[in-house]
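Since the structure comes first, as C-alpha coordinates, the remarks are kept for the end.
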2 protein chains.
Amino acid sequence: MSERIESAGGKPLLLNGMEGDEKQHDDLWNRPGYLVRRLHQIHVGLFAEEFADTGMTPVQYAMLSVLAVHNALDQLSLSKAVGVDRTSGADVIKRLARQDLVVRTKSPEDRRMKLVVITPAGATLVRQMRPAMEAAQSRLMAPLAPEDRKFFMDALRQMIEANNSASRAPMS
Amino acid sequence: MSERIESAGGKPLLLNGMEGDEKQHDDLWNRPGYLVRRLHQIHVGLFAEEFADTGMTPVQYAMLSVLAVHNALDQLSLSKAVGVDRTSGADVIKRLARQDLVVRTKSPEDRRMKLVVITPAGATLVRQMRPAMEAAQSRLMAPLAPEDRKFFMDALRQMIEANNSASRAPMS
DNA sequence: GCCAGATAGGAGGTATACTCCATATCTTGG
DNA sequence: CCAAGATATGGAGTATACCTCCTATCTGGC
(Lines give C-alpha, C1' and ligand atoms only; values in the text may rest on other atoms or scores of the structure.)
Protein backbone atom coordinates (compact mmCIF):
# COMPACT_ATOMS: atom_id res chain seq x y z
CA MET A 1 0.00 0.00 0.00
CA SER A 2 1.57 3.19 -1.22
CA GLU A 3 5.32 3.23 -1.06
CA ARG A 4 6.21 6.39 0.76
CA ILE A 5 7.87 8.91 -1.45
CA GLU A 6 10.00 10.62 1.10
CA SER A 7 11.38 13.26 -1.17
CA ALA A 8 7.94 14.78 -1.07
CA GLY A 9 8.34 14.97 2.70
CA GLY A 10 5.91 17.66 3.38
CA LYS A 11 6.47 20.43 5.78
CA PRO A 12 5.40 23.83 4.61
CA LEU A 13 7.48 26.90 4.42
CA LEU A 14 10.73 25.27 3.51
CA LEU A 15 10.61 27.66 0.64
CA ASN A 16 13.07 28.31 -2.07
CA GLY A 17 16.13 29.51 -0.30
CA MET A 18 14.27 31.99 1.81
CA GLU A 19 15.32 30.29 5.01
CA GLY A 20 11.85 29.13 5.95
CA ASP A 21 11.20 30.77 9.26
CA GLU A 22 10.88 27.94 11.75
CA LYS A 23 8.63 29.93 14.01
CA GLN A 24 5.95 30.22 11.38
CA HIS A 25 6.46 26.64 10.37
CA ASP A 26 5.79 25.37 13.85
CA ASP A 27 2.86 27.67 14.13
CA LEU A 28 0.73 26.14 11.39
CA TRP A 29 1.69 22.64 12.43
CA ASN A 30 0.46 23.33 15.95
CA ARG A 31 -3.04 24.27 14.84
CA PRO A 32 -5.31 21.23 14.99
CA GLY A 33 -7.82 22.77 12.61
CA TYR A 34 -5.11 23.29 10.05
CA LEU A 35 -3.92 19.70 10.39
CA VAL A 36 -7.45 18.35 10.14
CA ARG A 37 -7.97 20.29 6.93
CA ARG A 38 -4.76 18.87 5.50
CA LEU A 39 -5.66 15.33 6.52
CA HIS A 40 -9.07 15.72 4.96
CA GLN A 41 -7.48 16.81 1.69
CA ILE A 42 -5.19 13.77 1.86
CA HIS A 43 -8.10 11.43 2.39
CA VAL A 44 -9.93 12.91 -0.58
CA GLY A 45 -6.78 12.40 -2.64
CA LEU A 46 -6.34 8.79 -1.51
CA PHE A 47 -10.00 8.10 -2.13
CA ALA A 48 -9.77 9.57 -5.63
CA GLU A 49 -6.82 7.30 -6.38
CA GLU A 50 -8.68 4.20 -5.25
CA PHE A 51 -11.85 5.22 -7.09
CA ALA A 52 -10.09 6.42 -10.22
CA ASP A 53 -12.16 4.09 -12.41
CA THR A 54 -15.50 5.44 -11.30
CA GLY A 55 -14.70 9.03 -10.39
CA MET A 56 -16.82 8.55 -7.30
CA THR A 57 -16.18 10.80 -4.31
CA PRO A 58 -16.21 10.03 -0.57
CA VAL A 59 -19.53 11.74 0.03
CA GLN A 60 -21.15 10.04 -2.93
CA TYR A 61 -19.96 6.67 -1.67
CA ALA A 62 -21.15 7.43 1.85
CA MET A 63 -24.60 8.29 0.53
CA LEU A 64 -24.79 5.14 -1.53
CA SER A 65 -23.63 3.11 1.50
CA VAL A 66 -26.48 4.49 3.54
CA LEU A 67 -29.00 3.95 0.76
CA ALA A 68 -27.83 0.37 0.33
CA VAL A 69 -29.14 -0.34 3.82
CA HIS A 70 -32.30 1.76 3.91
CA ASN A 71 -34.98 1.22 1.35
CA ALA A 72 -35.82 4.82 0.76
CA LEU A 73 -34.89 8.07 2.41
CA ASP A 74 -35.99 11.62 1.83
CA GLN A 75 -33.25 14.05 0.93
CA LEU A 76 -33.06 15.66 4.35
CA SER A 77 -32.78 12.40 6.27
CA LEU A 78 -30.17 11.17 3.85
CA SER A 79 -28.16 14.38 4.14
CA LYS A 80 -28.29 14.19 7.91
CA ALA A 81 -27.28 10.56 7.84
CA VAL A 82 -24.07 11.32 6.00
CA GLY A 83 -23.51 14.60 7.84
CA VAL A 84 -23.81 17.13 5.09
CA ASP A 85 -25.85 20.24 4.69
CA ARG A 86 -29.30 19.82 3.15
CA THR A 87 -28.42 21.77 0.01
CA SER A 88 -25.05 20.08 -0.41
CA GLY A 89 -26.84 16.77 -0.06
CA ALA A 90 -29.36 17.70 -2.73
CA ASP A 91 -26.51 18.50 -5.11
CA VAL A 92 -24.81 15.17 -4.44
CA ILE A 93 -28.09 13.30 -4.93
CA LYS A 94 -28.56 15.12 -8.22
CA ARG A 95 -25.19 13.88 -9.44
CA LEU A 96 -25.91 10.33 -8.27
CA ALA A 97 -29.21 10.47 -10.14
CA ARG A 98 -27.42 11.69 -13.27
CA GLN A 99 -25.35 8.51 -13.18
CA ASP A 100 -28.48 6.39 -12.62
CA LEU A 101 -27.20 5.19 -9.26
CA VAL A 102 -30.29 6.49 -7.46
CA VAL A 103 -33.82 7.44 -8.43
CA ARG A 104 -35.86 10.26 -6.92
CA THR A 105 -39.62 10.01 -6.55
CA LYS A 106 -42.20 12.17 -4.86
CA SER A 107 -43.39 10.61 -1.63
CA PRO A 108 -47.09 9.78 -1.82
CA GLU A 109 -47.55 10.22 1.94
CA ASP A 110 -45.87 13.61 2.18
CA ARG A 111 -45.72 15.37 -1.10
CA ARG A 112 -43.08 17.77 0.15
CA MET A 113 -40.57 14.92 0.29
CA LYS A 114 -38.53 13.44 -2.47
CA LEU A 115 -37.69 9.86 -1.69
CA VAL A 116 -34.29 8.68 -2.84
CA VAL A 117 -33.92 5.02 -3.74
CA ILE A 118 -30.78 3.19 -4.82
CA THR A 119 -30.90 1.45 -8.18
CA PRO A 120 -29.57 -2.07 -8.83
CA ALA A 121 -26.59 -0.44 -10.57
CA GLY A 122 -25.99 1.67 -7.49
CA ALA A 123 -26.22 -1.32 -5.15
CA THR A 124 -23.79 -3.28 -7.29
CA LEU A 125 -21.35 -0.40 -7.35
CA VAL A 126 -21.41 -0.04 -3.55
CA ARG A 127 -20.61 -3.72 -3.19
CA GLN A 128 -17.89 -3.74 -5.82
CA MET A 129 -16.15 -0.61 -4.59
CA ARG A 130 -16.14 -1.50 -0.93
CA PRO A 131 -12.55 -2.85 -1.06
CA ALA A 132 -11.44 0.40 -2.69
CA MET A 133 -13.09 2.40 0.08
CA GLU A 134 -11.43 0.22 2.71
CA ALA A 135 -8.07 0.62 0.99
CA ALA A 136 -8.38 4.41 1.19
CA GLN A 137 -9.20 4.17 4.88
CA SER A 138 -6.30 1.81 5.52
CA ARG A 139 -3.81 3.97 3.68
CA LEU A 140 -4.89 6.99 5.69
CA MET A 141 -4.25 5.22 8.99
CA ALA A 142 -1.23 3.21 7.86
CA PRO A 143 1.36 5.66 9.22
CA LEU A 144 0.02 5.17 12.74
CA ALA A 145 1.26 2.33 14.87
CA PRO A 146 -1.55 -0.26 14.90
CA GLU A 147 -2.05 0.11 18.63
CA ASP A 148 -2.57 3.86 18.20
CA ARG A 149 -5.28 3.64 15.58
CA LYS A 150 -8.11 2.82 17.95
CA PHE A 151 -7.07 5.71 20.15
CA PHE A 152 -7.07 8.08 17.20
CA MET A 153 -10.52 6.95 16.08
CA ASP A 154 -11.85 7.36 19.61
CA ALA A 155 -10.41 10.87 19.77
CA LEU A 156 -12.09 11.79 16.49
CA ARG A 157 -15.42 10.42 17.70
CA GLN A 158 -15.13 12.30 20.98
CA MET A 159 -14.46 15.61 19.29
CA ILE A 160 -17.21 15.12 16.75
CA GLU A 161 -19.86 14.10 19.24
CA ALA A 162 -19.08 16.88 21.67
CA ASN A 163 -18.81 19.58 19.01
CA ASN A 164 -21.57 18.29 16.81
CA SER A 165 -23.91 21.21 17.37
CA ALA A 166 -21.22 23.62 16.20
CA SER A 167 -21.11 22.01 12.81
CA ARG A 168 -23.22 23.57 10.14
CA ALA A 169 -24.53 20.13 9.30
CA PRO A 170 -25.29 18.60 12.67
CA MET A 171 -26.28 15.03 12.31
CA SER A 172 -29.87 14.29 13.26
CA MET B 1 -12.24 11.33 29.31
CA SER B 2 -14.90 13.65 27.97
CA GLU B 3 -18.40 13.03 29.08
CA ARG B 4 -20.26 12.13 25.96
CA ILE B 5 -23.07 14.57 25.40
CA GLU B 6 -25.72 12.17 24.45
CA SER B 7 -28.46 14.64 23.76
CA ALA B 8 -26.55 16.30 20.95
CA GLY B 9 -25.39 12.82 20.34
CA GLY B 10 -24.81 13.20 16.71
CA LYS B 11 -24.95 9.75 15.44
CA PRO B 12 -26.31 9.38 11.98
CA LEU B 13 -29.10 7.15 10.96
CA LEU B 14 -31.15 7.42 14.08
CA LEU B 15 -33.80 8.47 11.68
CA ASN B 16 -37.41 9.20 12.21
CA GLY B 17 -38.83 6.00 13.50
CA MET B 18 -37.14 3.87 10.93
CA GLU B 19 -35.18 2.00 13.57
CA GLY B 20 -31.78 3.24 12.53
CA ASP B 21 -29.87 0.17 11.50
CA GLU B 22 -26.98 -0.12 13.93
CA LYS B 23 -24.86 -1.95 11.43
CA GLN B 24 -24.82 0.98 9.05
CA HIS B 25 -24.36 3.37 11.91
CA ASP B 26 -21.25 1.65 13.09
CA ASP B 27 -20.00 1.44 9.59
CA LEU B 28 -19.73 5.16 8.90
CA TRP B 29 -18.34 5.83 12.35
CA ASN B 30 -15.59 3.32 11.77
CA ARG B 31 -14.28 5.06 8.67
CA PRO B 32 -11.49 7.45 9.59
CA GLY B 33 -11.88 9.41 6.36
CA TYR B 34 -15.52 10.01 7.15
CA LEU B 35 -14.71 11.17 10.67
CA VAL B 36 -11.96 13.47 9.43
CA ARG B 37 -14.37 15.06 6.98
CA ARG B 38 -16.88 15.62 9.78
CA LEU B 39 -14.26 17.08 12.10
CA HIS B 40 -13.08 19.39 9.35
CA GLN B 41 -16.63 20.66 8.88
CA ILE B 42 -16.86 21.24 12.61
CA HIS B 43 -13.65 23.23 12.67
CA VAL B 44 -14.86 25.41 9.81
CA GLY B 45 -18.06 25.99 11.76
CA LEU B 46 -16.23 26.87 14.97
CA PHE B 47 -13.88 29.15 13.08
CA ALA B 48 -16.80 30.91 11.41
CA GLU B 49 -18.36 31.54 14.82
CA GLU B 50 -15.17 33.03 16.21
CA PHE B 51 -14.58 35.13 13.09
CA ALA B 52 -18.21 36.20 12.66
CA ASP B 53 -17.22 39.89 12.69
CA THR B 54 -14.84 39.65 9.80
CA GLY B 55 -16.24 36.76 7.79
CA MET B 56 -12.68 35.50 7.43
CA THR B 57 -12.14 31.80 6.73
CA PRO B 58 -9.48 29.38 8.05
CA VAL B 59 -7.55 29.33 4.79
CA GLN B 60 -7.64 33.09 4.47
CA TYR B 61 -6.31 33.45 7.99
CA ALA B 62 -3.62 30.84 7.37
CA MET B 63 -2.46 32.74 4.30
CA LEU B 64 -2.36 36.02 6.14
CA SER B 65 -0.45 34.35 9.00
CA VAL B 66 2.19 33.19 6.57
CA LEU B 67 2.37 36.56 4.86
CA ALA B 68 2.75 38.31 8.20
CA VAL B 69 6.08 36.55 8.61
CA HIS B 70 7.43 36.60 5.07
CA ASN B 71 7.83 39.87 3.31
CA ALA B 72 6.63 38.75 -0.09
CA LEU B 73 5.74 35.42 -1.62
CA ASP B 74 4.73 34.45 -5.11
CA GLN B 75 1.34 32.79 -5.40
CA LEU B 76 2.71 29.28 -5.81
CA SER B 77 5.01 29.41 -2.80
CA LEU B 78 2.23 30.89 -0.72
CA SER B 79 -0.20 28.19 -1.81
CA LYS B 80 2.28 25.47 -0.99
CA ALA B 81 3.01 27.06 2.36
CA VAL B 82 -0.62 26.79 3.44
CA GLY B 83 -1.12 23.48 1.69
CA VAL B 84 -3.64 24.32 -0.97
CA ASP B 85 -3.70 23.83 -4.67
CA ARG B 86 -2.19 26.55 -6.84
CA THR B 87 -5.52 27.53 -8.37
CA SER B 88 -7.39 27.43 -5.06
CA GLY B 89 -4.68 29.62 -3.61
CA ALA B 90 -5.01 32.14 -6.43
CA ASP B 91 -8.74 32.39 -5.70
CA VAL B 92 -8.14 32.98 -2.00
CA ILE B 93 -5.50 35.61 -2.74
CA LYS B 94 -7.95 37.34 -5.07
CA ARG B 95 -10.49 37.59 -2.26
CA LEU B 96 -7.87 38.85 0.19
CA ALA B 97 -6.86 41.48 -2.35
CA ARG B 98 -10.49 42.51 -2.78
CA GLN B 99 -10.57 43.29 0.94
CA ASP B 100 -7.28 45.21 0.69
CA LEU B 101 -5.56 42.79 3.06
CA VAL B 102 -2.88 41.95 0.49
CA VAL B 103 -1.46 43.56 -2.63
CA ARG B 104 -0.27 41.75 -5.73
CA THR B 105 2.59 43.06 -7.84
CA LYS B 106 4.52 41.63 -10.74
CA SER B 107 7.96 40.48 -9.68
CA PRO B 108 10.66 42.53 -11.41
CA GLU B 109 13.14 39.63 -11.26
CA ASP B 110 10.85 37.01 -12.73
CA ARG B 111 8.00 38.48 -14.64
CA ARG B 112 6.05 35.24 -14.52
CA MET B 113 5.57 35.68 -10.80
CA LYS B 114 3.06 37.75 -8.94
CA LEU B 115 4.37 38.71 -5.54
CA VAL B 116 1.83 38.85 -2.75
CA VAL B 117 2.48 41.32 0.06
CA ILE B 118 0.40 41.86 3.19
CA THR B 119 -0.92 45.38 3.76
CA PRO B 120 -0.83 47.21 7.12
CA ALA B 121 -4.55 46.52 7.41
CA GLY B 122 -3.88 42.83 6.82
CA ALA B 123 -1.09 42.70 9.38
CA THR B 124 -3.29 44.42 11.96
CA LEU B 125 -6.09 42.00 11.30
CA VAL B 126 -3.85 38.96 11.76
CA ARG B 127 -2.70 40.30 15.10
CA GLN B 128 -6.16 41.25 16.29
CA MET B 129 -7.82 37.99 15.28
CA ARG B 130 -5.19 35.69 16.68
CA PRO B 131 -7.14 35.11 19.92
CA ALA B 132 -10.20 34.19 17.85
CA MET B 133 -8.15 31.68 15.88
CA GLU B 134 -6.78 30.19 19.06
CA ALA B 135 -10.27 29.98 20.54
CA ALA B 136 -11.43 27.97 17.54
CA GLN B 137 -8.49 25.60 17.94
CA SER B 138 -9.10 25.23 21.66
CA ARG B 139 -12.78 24.53 21.22
CA LEU B 140 -12.01 21.84 18.67
CA MET B 141 -9.68 20.02 21.06
CA ALA B 142 -11.63 20.76 24.23
CA PRO B 143 -13.50 17.42 24.27
CA LEU B 144 -10.20 15.57 24.53
CA ALA B 145 -8.59 14.97 27.89
CA PRO B 146 -5.64 17.39 28.08
CA GLU B 147 -3.14 14.55 28.24
CA ASP B 148 -4.56 13.12 25.02
CA ARG B 149 -4.26 16.27 22.96
CA LYS B 150 -0.56 16.00 22.28
CA PHE B 151 -1.03 12.41 21.20
CA PHE B 152 -3.79 13.43 18.82
CA MET B 153 -1.71 16.21 17.29
CA ASP B 154 1.23 13.84 16.85
CA ALA B 155 -1.01 11.31 15.15
CA LEU B 156 -2.28 13.96 12.75
CA ARG B 157 1.25 15.06 11.93
CA GLN B 158 2.37 11.49 11.36
CA MET B 159 -0.44 10.76 8.94
CA ILE B 160 0.01 14.02 7.08
CA GLU B 161 3.76 13.74 6.66
CA ALA B 162 3.66 10.13 5.57
CA ASN B 163 0.75 10.60 3.17
CA ASN B 164 1.71 14.05 1.98
CA SER B 165 2.50 13.00 -1.56
CA ALA B 166 -0.97 11.52 -1.94
CA SER B 167 -2.55 14.88 -1.33
CA ARG B 168 -3.42 16.87 -4.38
CA ALA B 169 -1.74 19.85 -2.78
CA PRO B 170 1.50 18.42 -1.44
CA MET B 171 3.34 20.92 0.66
CA SER B 172 6.66 22.03 -0.82
C1' DG C 1 22.07 33.05 -29.72
C1' DC C 2 18.35 30.04 -29.93
C1' DC C 3 15.21 26.53 -29.19
C1' DA C 4 13.29 22.90 -25.87
C1' DG C 5 11.69 22.08 -21.57
C1' DA C 6 10.42 23.77 -17.15
C1' DT C 7 7.79 27.04 -14.46
C1' DA C 8 4.18 30.74 -13.02
C1' DG C 9 -0.07 32.10 -13.83
C1' DG C 10 -4.94 32.41 -15.82
C1' DA C 11 -9.41 30.60 -17.62
C1' DG C 12 -13.04 27.42 -17.43
C1' DG C 13 -15.04 23.21 -15.47
C1' DT C 14 -16.57 20.13 -11.45
C1' DA C 15 -17.60 18.78 -6.53
C1' DT C 16 -18.39 19.76 -1.64
C1' DA C 17 -20.37 22.83 1.73
C1' DC C 18 -22.30 26.41 3.33
C1' DT C 19 -25.53 31.06 3.14
C1' DC C 20 -30.29 33.28 2.49
C1' DC C 21 -34.73 33.66 0.37
C1' DA C 22 -38.76 31.63 -1.84
C1' DT C 23 -42.35 28.03 -2.52
C1' DA C 24 -45.08 24.01 -1.60
C1' DT C 25 -47.03 21.10 1.67
C1' DC C 26 -48.26 19.40 6.12
C1' DT C 27 -49.77 20.06 11.06
C1' DT C 28 -51.86 22.11 14.77
C1' DG C 29 -54.34 25.64 17.77
C1' DG C 30 -58.34 28.07 18.24
C1' DC D 1 -62.32 24.54 9.39
C1' DC D 2 -58.79 27.68 8.77
C1' DA D 3 -55.04 30.45 9.50
C1' DA D 4 -50.27 30.20 11.52
C1' DG D 5 -46.27 27.86 12.09
C1' DA D 6 -43.29 24.08 10.91
C1' DT D 7 -41.11 21.33 7.42
C1' DA D 8 -39.11 19.78 2.70
C1' DT D 9 -37.36 21.32 -1.19
C1' DG D 10 -35.53 24.57 -4.74
C1' DG D 11 -32.65 28.49 -6.48
C1' DA D 12 -29.05 31.88 -6.27
C1' DG D 13 -24.74 33.26 -4.25
C1' DT D 14 -20.06 32.42 -2.00
C1' DA D 15 -15.77 29.85 -0.59
C1' DT D 16 -12.57 25.97 -0.78
C1' DA D 17 -10.32 22.60 -3.61
C1' DC D 18 -9.36 20.24 -7.18
C1' DC D 19 -8.85 19.39 -12.64
C1' DT D 20 -7.23 20.46 -17.66
C1' DC D 21 -5.72 23.36 -21.20
C1' DC D 22 -3.49 27.58 -22.47
C1' DT D 23 -0.06 31.56 -22.53
C1' DA D 24 3.96 34.05 -20.88
C1' DT D 25 8.38 33.81 -19.23
C1' DC D 26 12.71 31.88 -17.78
C1' DT D 27 16.65 28.45 -18.05
C1' DG D 28 19.90 25.23 -19.95
C1' DG D 29 22.07 22.63 -23.66
C1' DC D 30 23.84 23.04 -27.96
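Per chain, numbering begins at 1; letters A, B, ... match sequence-line order.
- Going from atom CG of Asp91(A) over to atom C1' of dT14(C) covers 11 Å, rounded to whole Å.
- Classification of the His40(B)-His40(A) ring pair by plane angle, with boundaries at 30° and 60°, yields parallel.
- Side chain of Ser77(A) to backbone of Leu73(A): no donor-acceptor contact under 3.5 angstrom is found.
- Side-chain to base pairing of Arg86(B) with dG10(C): one donor and one acceptor N or O lie within less than 3.5 Å of each other.
- Toward the 5′ end of DNA chain C lies the nearest nucleotide of Thr87(B), the other residue of the pair Gln60(A) and Thr87(B) mapping further downstream.
- In this model, the phosphate group of dG10(C) is approached by a side-chain N or O of Lys114(B) to a distance below 4.0 Å at OP1 or OP2.
- We find that CG of Asp85(B) is positioned 13 Å from C1' of dT14(C), with the value rounded to whole Å.
- If you measure from atom NE2 of His40(B) to atom P of dA17(C), you get 8 Å, rounded to the nearest angstrom.
- For the residue pair Gly89(A) and Ser79(A), the shortest heavy atom distance occurs at CA-OG, 3.4 Å.
- Counting only distance, with no hydrogens or angles, the side chain of Gln128(A) and the backbone of Ala123(A) share no donor-acceptor pair below 3.5 Å.
- Mapping Lys94(A) and Pro58(B) onto DNA chain D via the closest heavy atom, the residue that lands nearer the 5' end is Lys94(A).
- Put simply, NE2 on His43(B) is 18 Å from P on dA15(D), counting in whole angstrom units.
- For Arg37(B) and dA17(C), the shortest distance from a side-chain N or O to OP1 or OP2 is below 4.0 Å.
- The Gln75(A) side chain lies nearest to dT9(D) when the options are dT9(D), dC19(D), dG9(C).
- Listed nucleotides dA15(C), dA8(C), dA11(C) differ in distance to Arg112(B); the shortest reach to its side chain belongs to dA8(C).
- Contact annotation: Arg111(B) does not reach the phosphate of dA8(C) (side-chain N/O to OP1 or OP2, under 4.0 Å).
- Rounded to an integer number of Å, the gap from CG of Asp110(A) to P of dT25(C) is 10 Å.
- Taking the six-membered ring for Trp and thresholds of 30 and 60 degrees, Phe152(A) and Phe152(B) have nearly parallel ring planes, at less than 30 degrees apart.
- Following rounding to the nearest Å, Gln99(A) (CD) and dA15(C) (P) show an atom-to-atom distance of 8 Å.
- Contact of Ser88(A) with dC18(C) (side chain to base): no donor-acceptor pair of N or O atoms is detected under 3.5 Å.
- Distance Lys80(B) NZ to dC18(D) P: 14 Å, rounded to the nearest Å.
- Comparing dC19(D), dC26(C), dA15(D) by their closest approach to the side chain of Arg95(B) singles out dA15(D).
- On a pure distance criterion of 3.5 Å, no polar donor-acceptor pair joins the side chain of Thr57(B) and the base of dT16(D).
- In this structure, CD1 of Ile93(B) is placed 15 Å from C1' of dA15(D), rounded to the nearest angstrom.
- Residue Arg98(A) places at least one side-chain N or O under 4.0 Å from the OP1 or OP2 atom of dA15(C).
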